Amino acid sequence: MKRRSLLAAASAATVMTLGGVGYAAHRRSRNPYYQGPKSDHFDGVRFHSPEQAADKDLAEVIRWQLARQGEAWPKTFPSPFAADKPPERSETLRVALIGHASYLFQVAGRNILVDPVFAKRASPVAFAGPKRVNPPGIAFADLPPIDAVLITHNHYDHLDGPAVARLWQAHQPLIVAPLGNDAILRSYDETMHVEPRDWGESVDLGGGLSVHLVPANHWSARGLNDRRMALWCAYVITGPHGVHYHVGDSGLGDGGIFRAVRERFGAPRLATLPIGAYEPRWFMQPQHMNPQDAVAALGLLGAEQALGHHWGTFRLTDEGVERPPEALAAALREAGHPEKRFLPMRPGQVWTA
């Protein structure tokens with residue numbers, strides 16, 4: 001039993017910052033990333049979301065790990081789509097999934113990467129942690145000129161520091177991130193310029209495009225004692241193509257964050273929403289939507305089209321690799337939506353408006 005407990009604790013420590021689990025060492029009283037005024041979602045040390053659930057503690061992490069009976073993943077889960085070789089520019093909206101929650105958005109002649117992760121593991125170390133089961137849907141060398149990089153939050157399956165540093169050196173893009181994440185990114189390249197923003201603030205992306213930071217029901221951490229010390233967000237991109245709403249990670253909550261997007265920006269033309277990393281629900285529900293939640297969010301948004309991500313590349317939680325698209329299809333049928341309205345994307349897959 002002692003060995004089992006040690007293994008569980010080691011596993012919990014490894015995956016703590018990957019977006020599904022974690023606990024806070026609340027003794028820390030100074031924020032190493034951001035020193036700014038208090039607000040309705042920042043207490044001077046930590047950020048909190050509109051419906052912030054209580055932080056998980058180590059006992060809950062170990063409880064999950066000891067009782068874990070998740071469905072095994074295959075060592076490889078190749079995409080049925082060949083790696084995309086995107087055009088240099090696109091005036092119309094073109095969306096390609098790189099993998100997990102990493103996208104290339106091309107529109108209005110601008111090329112925008114969101115949460116670009118090219119690492120073999122979603123982990124702070126190269127020898128442990130969730131391993132990629134399919135290659136990136138766009139090879140790094142095949143990327144077009146990148147104008148902007150949007151970071152939703154700092155979990156390792158969303159913020160790949162070496163990849164962003166490499167993008168900075170190769171393309172010198174505009175990098176936008178929520179408050180505090182600029183300090184984390186500059187630790188990978190001190191010359192990197194990052195535009196940090198708070199919820200409710202916007203950045204001009206050029207080409208008639210603007211990106212707006214809006215709340216998400218999630219959290220942040222890169223280590224054992226920095227939980228919620230950098231902000232997290234979802235993005236709304238507005239421009240000649242209409243409204244595009246992107247969520248990296250979020251719980252559904254009472255739906256208020258989705259209603260607020262529709263009230264402020266109108267019903268999106270496109271919503272890119274997470275559909276994976278959701279089991280067990282007692283642990284994951286506050287921070288990760290399951291497919292049923294994602295379909296509910298689609299209804300609240302009134303989006304014309306939705307694309308699903310955050311599944312099938314890194315095993316973070318207990319559901320099987322193919323369960324998210326199966327559950328999505330069932331949820332769409334139950335809600336009376338055609339399956340084509342909400343597509344579960346695979347690496348290399350392209351959707352065009």
Side-chain angles (χ1 to χ4, degrees), residues 19 34 36-37 39-42 46-53 93 95 101-103 105 107 110 112-115 148-155 158-159 174-182 194-205 208-220 228 230-239 241-275 286-289 293-310:
Y34 175 72
S39 72
D40 63 353
H41 55 276
F42 181 63
R46 287 182 171 81
F47 295 93
H48 55 274
S49 64
E51 303 170 45
Q52 188 70 53
L93 179 58
V95 178
S102 305
Y103 281 100
F105 301 144
V107 67
R110 309 297 284 175
I112 304 164
L113 284 175
V114 62
D115 289 351
V149 174
L150 310 180
I151 303 296
T152 64
H153 64 292
N154 69 12
H155 289 143
H158 293 259
L159 196 162
L174 170 67
I175 301 173
V176 181
L179 297 175
N181 289 282
D182 52 323
V194 183
E195 291 288 337
R197 293 291 189 275
D198 200 354
W199 291 341
E201 296 184 334
S202 305
V203 179
D204 185 350
L205 298 181
L209 301 176
S210 294
V211 65
H212 313 267
L213 284 73
V214 295
N217 294 322
H218 203 55
W219 55 281
S220 65
R228 294 191 285 108
L231 188 60
W232 54 95
C233 74
Y235 287 106
V236 177
I237 301 173
T238 57
H241 67 294
V243 174
H244 175 186
Y245 174 53
H246 175 81
V247 179
D249 269 330
S250 183
L252 178 66
D254 68 358
I257 59 172
F258 304 100
R259 284 189 290 269
V261 165
R262 186 173 186 174
E263 289 167 3
R264 179 180 173 189
F265 299 98
R269 181 184 190 184
L270 176 67
T272 38
L273 303 172
I275 62 169
Q287 60 229 14
H288 285 170
M289 292 190 292
D293 290 342
V295 170
L298 170 65
L300 293 169
L301 292 164
E304 180 180 326
Q305 176 69 46
L307 305 177
H309 56 267
H310 209 268

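The structure presented is a predicted model; accordingly, all values stated were derived computationally and were not measured.
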What pairs with [X] under side chain to side chain contact (heavy atoms under 4.5 Å, CB included), at least two apart in sequence or on another chain?
X: V95; result: L93, Y103, F105, L270, L307, W351
X: A101; result: H158, H309, H310
X: D182; result: R186, V194, P196
X: R197; result: E195, E201, V203, L213

Test ring-ring contact (aromatic ring centres under 6.0 Å, His included) applied to [X] - qualifying residues, sequence neighbours left out:
X: H241; value: none
X: F258; value: none
X: F42; value: Y34, F47

For residues [X] and [Y], report the shortest heavy-atom separation together with the two atoms involved.
X: L205; Y: A148; answer: CD2-CB, 4.1 Å
X: N217; Y: L252; answer: ND2-O, 3.7 Å
X: F265; Y: V243; answer: O-CG2, 3.6 Å
X: L300; Y: G255; answer: CD1-CA, 3.6 Å
X: A294; Y: P274; answer: CB-O, 3.8 Å
X: A216; Y: A234; answer: CB-N, 4.2 Å

Please check: side-chain N/O of S220 versus main-chain N/O of W232, any donor-acceptor pairing under 3.5 Å? no

How far apart are the C-alpha atoms of D293 and H288, what are their side-chain angles, what is the distance that settles it, and do they pass the side chain to side chain contact (heavy atoms under 4.5 Å, CB included) test? CA-CA 9 Å; D293 290 342; H288 285 170; over 6 Å; no

Quick one: do V261 and L301 satisfy side chain to side chain contact (heavy atoms under 4.5 Å, CB included)? Show the steps, please. CA-CA 7 Å; V261 165; L301 292 164; 4.0 Å; yes

Contacts of type side-chain hydrogen bond (donor to acceptor under 3.5 Å, both in side chains), residue [X], not counting sequence neighbours:
X: D204; value: none
X: S202; value: H212
X: S250; value: none
X: S102; value: none

Between atom [atom1] of [X] and atom [atom2] of [Y], what is the distance when rounded to the nearest 0.5 Å?
X: I175; Y: L150; atom1: CD1; atom2: CG; value: 10.0 Å
X: D198; Y: L179; atom1: CG; atom2: CG; value: 4.5 Å
X: H48; Y: L231; atom1: NE2; atom2: CG; value: 10.5 Å
X: N154; Y: D115; atom1: CG; atom2: CG; value: 10.5 Å

Apply the test side chain to side chain donor-acceptor pair (under 3.5 Å) to residues S49 and H218: give CA-CA distance (whole Å), side-chain angles for both, the deciding distance (0.1 Å), then the verdict. CA-CA 7 Å; S49 64; H218 203 55; over 6 Å; no

Are I257 and V247 close enough, and set up right, to give a side chain to side chain contact (heavy atoms under 4.5 Å, CB included), and what steps lead you there? CA-CA 11 Å; I257 59 172; V247 179; over 6 Å; no

Proximity of W219 and H153 rings by center, below 6.0 Å: no

Side chain to side chain contact (heavy atoms under 4.5 Å, CB included) for H244 and T272? Distances and angles first, verdict last. CA-CA 8 Å; H244 175 186; T272 38; 3.1 Å; yes

Heavy-atom check, side chain of V149 versus side chain of L174, under 4.5 Å: no

Taking only residues two or more places apart in sequence or in another chain, which ones pass salt bridge (Lys or Arg N to Asp or Glu O under 4.0 Å) with E304?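 E304 satisfies salt bridge (Lys or Arg N to Asp or Glu O under 4.0 Å) with no other residue.
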
